[in-house]
Amino acid sequence: MMKKTMLGMLCALCVLAVPMLASAEAKLIGEIPLVLRGVGVHGGVLPSTDGYVQTGWDGKPGYAGSKAAAIGVDQAGQETWRVVVEEQQPNNGWTFSRVISLADGTLVAIKDVMMANDEQHPSDLVWIKDAQVTATMPVITEVSELDVDMFPATQGFLLFRGEQKKADKHRGTFYVAAVERRDSQGNVLWCHVFADNEVHFYEMLEVGDGFVLVGEEEEQETGKRHSMGVIAKFSADGKLLWLTSSPGKIWKNYSDIVQTPEGNLLAAGVHTIKDHEIGLPDEVPVLACFAPDGKLLWEKEYPRPVNNAGFHGIAARDGGYWALCSEQGEQDTTLNLMMLGHDGQLLDVQALTPGESEIFTTGKFYQQDGATRIMAQALIRADVTPDRKIYFYEIQ
């Protein structure tokens with residue numbers, strides 16, 4: 001299931017005079033089927049005390065009548081409970097697009113429309129406890145087209161929402177983003193609205209004096225759109241302390257973040273190369289280190305002769321960090337576990353490979369039982385609708 005690739009040798013050539021005192025090694029500890037369709041490991045799967053929670057939709061993909069669903073499975077992948085949300089708008093298709101777990105084990109999920117045949121399709125927050133829906137509330141009171149995500153906090157959660165609004169005939173439509181702090185019941189404690197920044201946030205890190213979010217900021221100049229990686233810090237009471245964008249007018253975003261032992265902030269993401277004539281991959285993994293005040297300290301890219309090489313996640317380790325990225329070959333796609341030094345120096349790589357007739361599509365780090373583990377999502381090749389599964393690894 002695992003092998004070293006030529007990538008490790010290529011990386012070694014890029015890092016001169018580095019003693020290989022340790023190596024990247026992850027052990028396969030289990031696998032389960034991914035029963036529900038949906039976002040998968042990035043927002044749709046959580047470890048639980050007795051197994052895993054999966055969320056998504058129950059029904060045929062892309063068909064009206066699909067219903068938002070959540071299930072519990074044990075360590076062997078056997079279903080132990082199921083919640084399906086019945087809808088009053090049967091012409092639409094619904095899904096859970098994100099799920100988090102609160103401190104007491106209560107699940108909070110975002111219910112979104114997946115296929116809309118009716119004009120009104122609000123996003124809802126749904127609370128699930130002991131395999132029962134205990135509460136539901138709309139994300140906002142008015143019906144609108146929303147881009148919603150949320151992140152668990154010590155108490156309650158942070159919610160990001162982006163909304164397309166209509167103005168007069170001169171301005172047309174415009175985008176308004178907001179970050180909200182909510183308690184465990186969903187009450188809004190504070191809200192910050194980005195009036196001049198078209199931002200999208202994908203991950204949050206809770207630090208001692210507030211919250212740090214990473215994502216991308218889109219801009220349009222002279223008819224061309226581009227995005228920049230963005231990192232922003234909020235105080236505990238909701239004041240925006242600073243916002244920093246990556247340098248240059250290029251396609252880049254940050255999707256994960258950790259804090260360094262020195263208190264700096266390390267964001268992981270991807271630089272998408274739009275010009276295919278310059279001989280670089282379509283996507284290049286990128287790390288950016290920021291000081292506690294938001295100043296960019298350094299940024300590193302990891303170009304390789306492969307495609308689809310963006311970072312999926314980053315995790316801390318003794319003396320440095322772990323990172324996950326994709327490597328697409330001519331026949332299959334693997335996940336690479338990259339061992340990085342404290343300054344982002346690439347030390348070693350282990351390729352995680354799925355089973356026969358399978359390809360890895362993405363992966364994510366998580367912490368459980370004091371260990372750093374990986375959820376690796378695999379797609380099983382098929383002539384009709386392909387099945388999916390998740391492999392679990394523990395870093396040694």
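All residue numbers in this chain count up from 1 along the given sequence. What's counted below: heavy atoms across the whole structure, side chains too, no hydrogens, waters or symmetry copies.
Of the inter-residue distances, the one linking Thr272 atom OG1 with Asn253 atom CG reads 6.5 Å to the nearest 0.5 angstrom. For the atom pair Lys129 NZ and Thr106 OG1, the distance stands at 4.0 Å (nearest 0.5 Å). Rounded to the nearest 0.5 Å, atoms CG (Asp293) and CG (Leu265) are 9.5 Å apart. Between Leu266 atom CG and Leu287 atom CG the span is 5.0 Å, to the nearest 0.5 Å. The CE atom of Met228 sits 6.5 Å away from the OG atom of Ser246 when rounded to the nearest 0.5 Å. Separation of atoms CD1 (Ile32) and CE (Met375) is listed at 8.0 Å; rounding is to 0.5 Å.
Residues that satisfy the salt bridge (charged side-chain N to carboxylate O under 4.0 Å, His left out) test with Lys389, not counting sequence neighbours, are Glu31, Glu358. For Tyr321, there are no ring pair (Phe, Tyr, Trp, His ring centres under 6.0 Å) partners at least two apart in sequence or on another chain. With sequence neighbours left out, the salt bridge (charged side-chain N to carboxylate O under 4.0 Å, His left out) criterion links Glu299 to Lys252. Remark: Lys111 engages Glu87, Asp124 in a salt bridge (charged side-chain N to carboxylate O under 4.0 Å, His left out) (not counting sequence neighbours).
Side chains of Glu262 and Thr260: a donor-acceptor N/O pair is present below 3.5 angstrom, by distance only. Looking at Thr372 and Gln367, their side chains do bring a donor and an acceptor atom within 3.5 Å of each other. In summary, the side chains of Gln155 and Ser184 do not present any donor paired with an acceptor at a separation below 3.5 Å, with no hydrogens or angles considered.
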Practice problem: Could you walk me through whether Leu241 and Phe234 pass the side-chain contact (heavy atoms from CB on, under 4.5 Å) test, one step at a time? | Solution: CA-CA 5 Å; Leu241 301 178; Phe234 289 87; over 6 Å; no
Quiz item: Passes side-chain contact (heavy atoms from CB on, under 4.5 Å), Leu340 versus Leu346? Steps please.
Solution: CA-CA 5 Å; Leu340 305 175; Leu346 183 55; 3.7 Å; yes
Quiz item: Does the pair Ile110 and Leu125 meet the rule for a side-chain contact (heavy atoms from CB on, under 4.5 Å), with working shown?
Solution: CA-CA 5 Å; Ile110 299 172; Leu125 297 177; 4.0 Å; yes
Quiz item: Would Val85 and Phe96 count as a side-chain contact (heavy atoms from CB on, under 4.5 Å) if you check the C-alpha gap in whole Å, the side-chain angles of each, and the deciding distance to 0.1 Å?
Solution: CA-CA 10 Å; Val85 179; Phe96 283 138; 3.6 Å; yes
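Within the 4.5 Å cutoff, side-chain heavy atoms of Ile100 are placed close to those of Leu102. No side-chain heavy atom of His192 sits less than 4.5 Å from a side-chain heavy atom of Lys239. A 4.5 Å side-chain heavy-atom check between Glu206 and Leu158 finds every atom pair outside the cut-off. Between Lys364 and His312 the shortest side-chain heavy-atom distance does not fall below 4.5 Å. In this structure, the side chains of Tyr202 and Phe151 stay at 4.5 Å or more apart for every pair of heavy atoms. Looking at Met150 and Val108, their side chains come closer than 4.5 Å, going by heavy atoms from C-beta outward. In this structure the side chain of Asp183 reaches within 4.5 angstrom of the side chain of Leu189, judged on heavy atoms. Contact check for Val230 versus Phe201: side-chain heavy atoms found under the 4.5 Å cut-off.
Here the side chain of Asn264 pairs no donor or acceptor atom with the backbone of Cys289 at under 3.5 angstrom. No side-chain donor-acceptor contact under 3.5 Å links Thr361 to the backbone of Leu379. A side-chain donor-acceptor contact under 3.5 Å links His42 to the backbone of Gly363. Trp127 contributes no side-chain N or O that, together with a main-chain N or O of Gly186, makes up a donor-acceptor pair within less than 3.5 Å.
Scanning both residues, Ile314 and Val258, for their nearest heavy atoms gives O-CG1, 3.6 Å. Across all non-hydrogen atoms, the minimal contact from Trp57 to Trp94 is CB-O, 3.2 Å. Counting all heavy atoms, side chain and backbone alike, Leu243 lies closest to Glu217 at CD2-OE1, 4.0 Å. Looking at every heavy atom in both residues, Ala26 comes nearest to Tyr393 through CB-CB, 4.0 Å. When all heavy atoms of Ser235 and Phe211 are compared, the closest pair comes out as O-CD1, 4.1 Å. The shortest heavy-atom contact between Leu240 and Ala232 is CD1-CB, 4.1 Å.
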Contacts table for residues 71-80: side-chain donor-acceptor under 3.5 angstrom, sequence neighbours left out:
residue, atom, partner, partner atom, Å
Asp74, OD1, Ala76, N, 3.0
Asp74, OD1, Gly77, N, 3.0
Asp74, OD1, Gln78, N, 2.8
Gln75, OE1, Tyr52, OH, 3.4
Glu79, OE1, Arg82, NH2, 3.0
Glu79, OE2, Arg82, NE, 2.8
Thr80, OG1, Gly72, O, 3.1

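Residues Trp322 and Leu352 are members of one and the same hydrophobic cluster, defined by side-chain heavy-atom contacts under 4.5 angstrom among Ile, Leu, Val, Met, Phe, Trp and Tyr. No path of Ile, Leu, Val, Met, Phe, Trp and Tyr side chains, each step under 4.5 Å between heavy atoms, connects Ile380 with Val45, placing them in separate hydrophobic clusters. Under the 4.5 Å side-chain heavy-atom criterion for ILVMFWY residues, a single connected hydrophobic cluster contains both Val41 and Leu34. Taken together through direct or relayed side-chain contacts under 4.5 Å among Ile, Leu, Val, Met, Phe, Trp and Tyr, Phe392 and Val53 form parts of separate hydrophobic clusters. Under the 4.5 Å side-chain contact rule for hydrophobic residues, Leu337 and Ile29 do not share a cluster.
Aromatic pair Tyr302/Phe311: ring centres closer than 6.0 Å. Checked against a 6.0 Å centroid threshold, the rings of Tyr391 and Phe360 count as neighbours.
Within a 6.0 Å sphere centred on CD of Glu356, heavy atoms belonging to other residues, nucleotides or ligands number 12 at most. Environment of NE2 in His200: crowded, with over 12 heavy atoms of neighbouring residues, nucleotides or ligands closer than 6.0 Å. By the neighbour-count criterion of 12 heavy atoms within 6.0 Å, atom NZ of Lys300 is densely surrounded, having more than that number from other residues, nucleotides or ligands.
Ion pairing between a basic and an acidic side chain is recognised when a charged N comes within 4.0 Å of a carboxylate O; Arg373 and Glu394 show such pairing.
For residues 96-106, every residue pair satisfying the salt bridge (Lys or Arg N to Asp or Glu O under 4.0 Å) rule, not counting sequence neighbours, is listed here: Arg98-Asp149.
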